[in-house]
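Input: a single structure, listed below in structure tokens.
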2 protein chains.
Amino acid sequence: MTSALNATAASLLGFLHHGPMSGWDLAATAETVIGDFWSLTRSQVYRELASMADAGLVEAGERGRRDRQPYAITAAGRAAFAEWIDREPGSETIRFPLLLTVSFGRHLPPERLAAFLSAHRAAHEQRLAGYEQQRSLAEASGGADGYAMATLDFGLAYERAVLGWFDRLPELMPGG
Amino acid sequence: MTSALNATAASLLGFLHHGPMSGWDLAATAETVIGDFWSLTRSQVYRELASMADAGLVEAGERGRRDRQPYAITAAGRAAFAEWIDREPGSETIRFPLLLTVSFGRHLPPERLAAFLSAHRAAHEQRLAGYEQQRSLAEASGGADGYAMATLDFGLAYERAVLGWFDRLPELMPGG
DNA sequence: GGATGAACCTGGCACAGTGGAATGTCAAGC
DNA sequence: GCTTGACATTCCACTGTGCCAGGTTCATCC
């Protein structure tokens, strides 16, 4: 009967374990905490909150400043979350437009493709630097959450793999 | 005016450069060629074909065996594809449910989490093996397409990074 | 040759997810 | 008081997903 929570809704419930939050705050929290491997938009947050409120998994509190509408998790919400996290997680999906471009690379002048690649490489370097800084901060502050470190380490490993791939590309591709 | 093709439609046009194909063939081709980094479903293929036919980017030919409906790319279609591939590709999105589970790992008994992790590790080993086999085949048959090798190499690098992450996890997580 | 079943091929439908536009609310500074 | 901009919510058009119904061809077995 607890109609199978989706991962986005479940994550919101996860964050609400820390106390009531508004849709805005939830969206911001999600962006920083799980945004690197689970994208969601504000629209989606509000929709999930509304439908979870209907289902009794969260409760809307009094509107505060600026129409801010806090939501609190209910007992039913905790139960639904517990049920969700106990289920086998599905496998990941990646959508990588740059690989499409590479895949159809024969239809593009090599310099153009090279320009795209170098722009993306720079962006990934940036992201790696960001992750490394996060890790330094976490290690310095000592109170490192192991679970957060695990996901952060995934980000590091991923970005390093991507950069390594960029570096091998010239040998793999025509016109390299 | 050529109303900004989406990546899925553009990919279909890309495949149609090789000659007329039916929706079925396009879906199958897409699955094997770009399926690892750009998912699409048959329904979507038929819908995009219909709308591209409306827009004059493809032309439906005579129905053949088994009601098979071939589509051919038109001059306008080639132009639209050229325009699409010349645009800066967006950045990738990853949706990784397992990382959500890890992220909320405190709400799960360690053995349960460990079980999920080992199941997923096995699946990734399988995928890596598959990619390695593909590469062997491509190298053996000699006629390796550089662009295809580049995307294949990405898959290899990604899976190796993921496996490495799995192996480091015990040191990173509580109860490891 | 008729029945059976499997693979092939197209399409419809309902619903979930996405991202950006539009709108509204409030605090702070000039 | 007026503007500016951050905060907060909602709407909408489009894209993506999964499931299913229906028709076609082919091989196989009796």
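Naming: A, B, ... by sequence-line order, numbering from 1 per chain.
Between B/N6 and D/dC14 there is no side-chain polar atom (N or O) within less than 4.0 angstrom of OP1 or OP2. Distances shown here put a side-chain N or O of A/Y46 below 4.0 Å from the OP1 or OP2 atom of D/dT9.
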Contacts table for residues 146-154 of chain B: side-chain donor-acceptor under 3.5 angstrom, sequence neighbours left out:
residue: B/T151; atom: OG1; partner: B/A148; partner atom: O; Å: 2.9
residue: B/D153; atom: OD2; partner: A/R168; partner atom: NE; Å: 2.9
residue: B/D153; atom: OD2; partner: A/R168; partner atom: NH2; Å: 2.9

Side-chain donor/acceptor pairs under 3.5 Å, residues 94-111 of chain A, sequence neighbours excluded:
residue: A/R95; atom: NH2; partner: B/S39; partner atom: O; Å: 2.5
residue: A/T101; atom: OG1; partner: A/P97; partner atom: O; Å: 3.4
residue: A/R106; atom: NH2; partner: B/D145; partner atom: OD2; Å: 3.1

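There is a side-chain donor-acceptor pair under 3.5 Å between B/H120 and A/E88.
Put simply, CD on B/E48 is 14 Å from P on C/dG12, counting in whole angstrom units. For A/M21 and D/dA8, the CE to C1' distance is 14 Å, given to the nearest whole Å. A straight line from CG of B/L40 to C1' of D/dT15 spans 12 Å, rounded to a whole angstrom.
Salt-bridge formation is detected for the pair B/D167/B/R121: a Lys NZ or Arg NE/NH1/NH2 atom is positioned less than 4.0 Å from an Asp or Glu carboxylate oxygen. A salt bridge does not link B/R42 to B/E31: none of the charged nitrogens lies less than 4.0 Å from a carboxylate oxygen.
If A/Q44 and B/D67 are placed on DNA chain C by their nearest nucleotide, the residue sitting closer to the 5' end is B/D67. Residue whose closest nucleotide on DNA chain C sits further toward the 5' end, between B/R47 and B/P70: B/P70.
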Atom pairs, protein N/O to nucleotides 20-22 of chain D N/O, distance under 3.5 Å:
none

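Counting non-hydrogen atoms under 4.0 angstrom, B/S22 reaches the backbone sugars and phosphates but no base.
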